[in-house]
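Working notes, structure below.
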Amino acid sequence: MRLSNYFLPTLKETPKEAEIVSHRLMLRAGMIKQQAAGSYSWLPFGYKVLRKVQTIIEQEQNRAGALELLMPTLQSADLWRESGRYDDYGKEMLRIKDRQDRDLLYGPTNEEMICDIFRASVKSYKDLPLNLYHIQWKFRDEIRPRFGTMRSREFLMKDAYNFDLDKEGAVASYNKMFVAYLRTFYRLGIPAIPMRAATGPIGGDLSHEFIVLADTGESEVFCHSDMLDKEIPSIDVDYDSDLSDIVADWTSHFAATEDVTSKEEFEKNVPSDKRILARGIEVGQLFYFGDKYSKPMGANVTNAQGKEIAVHMGSHGIGLTRIVPAIIEAHHDENGIVWPVPVAPFEVILINLRKGDDACDATCDDLYRQLKASNIDVLYDDRDVGAGAKFANADLIGIPYQIVIGPRGIKSGEAELKNRKTSERENIKISEIVLHTKNLIEPQRLDKV
RNA sequence: CGGGGUAUAGCUCAGCUUGGUAGAGCACUGGUUUUGGGAACCAGGGGUCGCAUGUUCGAAUCCUGCUGCCCCGACCA
């Protein structure tokens with residue numbers, strides 16, 4: 001993409017409403033625009049990241065055997081009356097009437113609707129297990145939205161719903177999601193620690209929150225330091241095998257949020273040199289809740305003995321619009337964002353320092369062609385602005401590698417390659433720069449490990 | 001929902017106390033000179049001062065009401 005043809009409204013100054021660093025950087029890098037309290041447009045640069053995040057989540061969900069579908073944002077109130085949640089949910093749920101005066105709601109979650117889909121078609125235990133997921137915009141009318149898209153009212157969320165014959169099967173499904181989440185967050189560049197969690201209004205008795213440690217996190221978390229060094233399951237993990245050993249290993253150390261533990265309990269169970277008391281951002285949550293919804297809504301199957309029973313269910317969320325700021329909280333410095341390669345909106349920025357100079361233009365045009373032909377996602381800064389502005393802008397928007405072409409380098413046949421993360425620069429022959437960069441990037445994409 | 005702020009140009013803000021024809025920097029447009037870490041100069045464009053009401057000869061400025069946004073708390077993916 002040529003920057004001169006792109007829409008990237010970056011800001012030199014920080015809008016005053018932005019409190020935390022990810023919110024400031026998302027505004028400054030032209031990723032989002034606030035439309036109302038807790039409501040944001042995703043501009044091209046931000047949306048590109050959101051889509052990469054979505055793709056990684058989909059790949060790992062699919063790998064774990066979950067099937068993607070799509071449900072409406074607007075739901076009939078009648079479904080929610082069946083489960084009893086229409087009255088229980090409170091003012092967080094946005095209620096709407098249509099022209100026939102029918103009660104609708106903008107979905108804050110989809111347990112009822114997925115039960116409705118399930119019960120319409122699935123009647124036999126032979127069709128289990130089943131895991132259906134969707135990625136959809138949801139709305140919760142938060143009393144106080146804040147921190148940009150970290151806590152917005154309208155948000156994009158992945159929710160997977162598993163259906164199993166009994167608790168044992170549901171736990172196996174839960175474990176698949178557990179392993180998929182470990183892999184997903186690893187690939188997204190945000191090592192997330194699974195912690196025991198409260199089950200909240202959705203209910204249930206088995207739940208883990210996946211927490212990214214960050215000073216700006218909304219809750220206090222307690223964690224054994226060995227949790228930080230655990231091995232992520234590889235791409236070869238067999239989801240048809242028994243995953244309980246992996247889950248048991250990952251849940252063997254103390255890790256819990258403030259909702260379900262206390263400082264006293266933490267200190268009793270973890271030696272002082274292993275204690276991590278920090279703040280955390282919740283980026284995903286797993287729930288097992290049995291027949292809480294299947295029973296009142298009649299999501300039943302006939303078992304092998306010919307008896308009709310309510311299925312065991314769980315729901316497993318990941319907040320996509322929260323993950324993007326979480327990534328930035330974990331990957332930035334004083335100059336701007338530092339994208340991990342797998343989610344970077346572009347992998348390389350090609351900087352033409354002297355737009356209008358024939359040699360610079362020709363070299364850059366050629367490199368731009370080569371980079372694209374090599375399947376590298378490249379942004380070409382071909383604008384006619386000062387060198388300083390280009391460097392500052394490149395650092396702000398955080399593209400992992402900068403290839404700098406200027407009159408000085410052209411004379412010696414060299415380009416400068418800057419690593420955004422380490423700030424290291426090296427001079428590389430222009431004839432070799434594309435291959436060299438490709439070799440650096442490919443292993444970091446993490447799509448084969 | 002309780003408490004506290006704030007609202008003037010696309011962005012950051014001054015002006016308000018003490019009423020008198022709306023300002024700066026950045027950004028934007030045209031031009032000249034520049035060019036390896038957010039360039040300089042010249043010339044321009046852009047604002048019903050959040051909305052409404054009142055006081056006044058006269059309101060960005062004072063009164064009253066309303067709304068948006070932000071922060072703290074409770075709540076939450």
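Just so it is clear, the model here is predicted, and its values are computed rather than measured. Numbers restart at 1 for each chain; the letters A, B, ... are given by sequence-line order, proteins then strands.
Residue Arg146(A) contributes atom CZ, which lies 15 Å from atom C1' of C69(B) at whole-angstrom precision. Atom CZ in Arg28(A) sits about 10 Å away from atom C1' in G38(B), given to the nearest Å. Regarding Asp384(A), its CG atom lies at a distance of 10 Å from the C1' atom of U35(B), rounded to whole Å. Between the CD1 atom of Ile410(A) and the C1' atom of G36(B) there is a distance of 13 Å, rounded to whole Å. The distance between atom CZ of Arg383(A) and atom C1' of C28(B), rounded to the nearest whole Å, is 15 Å. Rounding to whole angstrom units, CG of residue Leu27(A) and P of C70(B) are separated by 11 Å. For Tyr89(A) and C75(B), the OH to C1' distance is 12 Å, given to the nearest whole Å. When rounded to the nearest whole Å, the span between NZ of Lys12(A) and P of G37(B) equals 15 Å.
Summarising the base pairing, A14(B) is matched to no nucleotide, lacking a Watson-Crick or G-U wobble pair whose two defining distances lie under 3.5 Å. Nucleotide U34(B) forms no Watson-Crick or G-U wobble pair with any nucleotide shown, as no partner meets the under 3.5 Å limit on both distances. With a cut-off of 3.5 Å on both pairing distances, the Watson-Crick or G-U wobble partner of C1(B) is G73(B). Figure legend. U29(B) is base-paired to A43(B); pairs are counted as Watson-Crick or G-U wobble with both atom distances under 3.5 Å.
G65(B) and C70(B) are spaced 24 Å apart, taking the P atom of each and rounding to whole Å. A74(B) and U64(B) have their C1' atoms separated by 32 Å, with the value rounded to a whole Å. Taking the P atom of each, C13(B) and G38(B) are spaced 23 Å apart, rounded to whole Å. Nucleotides G47(B) and G23(B) have their C1' atoms positioned 11 Å apart, rounded to a whole Å. If you take atom P in G37(B) and the same atom in U33(B), they sit 22 Å apart, rounded to whole Å. Here the separation of C28(B) from C11(B), taken at their P atoms, is 15 Å to the nearest Å. For the C1' atoms, the distance from G15(B) to G31(B) is 33 Å, rounded to whole Å. Annotation: G44(B) and A52(B) have their C1' atoms spaced 36 Å apart (nearest Å).
A residue-by-residue look at Arg354(A) and Ser219(A) shows that Arg354(A) has its nearest nucleotide of RNA chain B further toward the 5' end. Of the two residues contacting RNA chain B, namely Pro15(A) and Met157(A), the nearest-nucleotide position lying further toward the 5' end is that of Pro15(A).
Nucleic acid contact for Thr14(A): sugar-phosphate only, since backbone atoms but no base atoms lie under 4.0 Å from a heavy atom of the residue. Using a 4.0 Å heavy-atom cutoff across all strands shown, Lys138(A) reaches no nucleic acid atom at all. If you check every strand for non-hydrogen atoms under 4.0 Å, Glu13(A) touches a base. Residue contacts for Gly409(A): at a heavy-atom cut-off of 4.0 Å it reaches a base atom on one of the strands shown. Counting non-hydrogen atoms under 4.0 angstrom, Gly388(A) reaches the backbone sugars and phosphates but no base. Ser39(A) comes within contact range of no nucleotide atom at all, as no heavy-atom separation falls under 4.0 Å. Among the heavy atoms of the strands lying under 4.0 Å from Gly406(A) is at least one base atom, whether or not backbone atoms are also near. Base engagement by Lys418(A) is indicated by at least one non-hydrogen atom pair under 4.0 Å involving a base atom.
In summary, of the residues considered (Thr149(A), Thr10(A), Val49(A), Leu43(A)), a side-chain contact (heavy atoms from CB on, under 4.5 Å) with Met31(A) occurs for Val49(A) alone.
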Distance-only check: which donor-acceptor pairs under 3.5 Å involve side-chain atoms of residues 356-364 of chain A, not counting sequence neighbours?
{"from": "Asp357(A)", "atom 1": "OD1", "to": "Ala359(A)", "atom 2": "N", "distance (Å)": "3.1"}
{"from": "Asp357(A)", "atom 1": "OD1", "to": "Cys360(A)", "atom 2": "N", "distance (Å)": "2.9"}
{"from": "Asp361(A)", "atom 1": "OD1", "to": "Asn352(A)", "atom 2": "ND2", "distance (Å)": "2.9"}
{"from": "Asp361(A)", "atom 1": "OD1", "to": "Gly356(A)", "atom 2": "N", "distance (Å)": "3.2"}
{"from": "Asp361(A)", "atom 1": "OD2", "to": "Gly356(A)", "atom 2": "N", "distance (Å)": "3.1"}
{"from": "Thr363(A)", "atom 1": "OG1", "to": "Ala359(A)", "atom 2": "O", "distance (Å)": "2.8"}

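For Arg140(A) against C75(B), a side-chain-to-base donor-acceptor contact under 3.5 Å is absent. No hydrogens or angles were tested; on distance alone, nothing pairs the side chain of Arg144(A) with the base of G3(B) as donor and acceptor under 3.5 Å.
Of all heavy-atom pairs spanning Ser152(A) and Glu142(A), the tightest one is O-CG, 4.3 Å.
Between Phe287(A) and Tyr161(A), the distance separating the two ring centers is not shorter than 6.0 angstrom. Here Phe254(A) and Phe266(A) bring their ring centres to under 6.0 angstrom of each other. Aromatic pair Trp250(A)/Phe178(A): centroids not less than 6.0 angstrom apart. Between Tyr288(A) and Tyr174(A), the ring centre distance reaches or exceeds 6.0 Å.
Regarding contacts with the backbone of C70(B), a side-chain N or O of Gln34(A) is found under 4.0 angstrom from either OP1 or OP2.
Distance from the side chain of Lys16(A) is smallest for A7(B) among the nucleotides G37(B), A7(B), G36(B).
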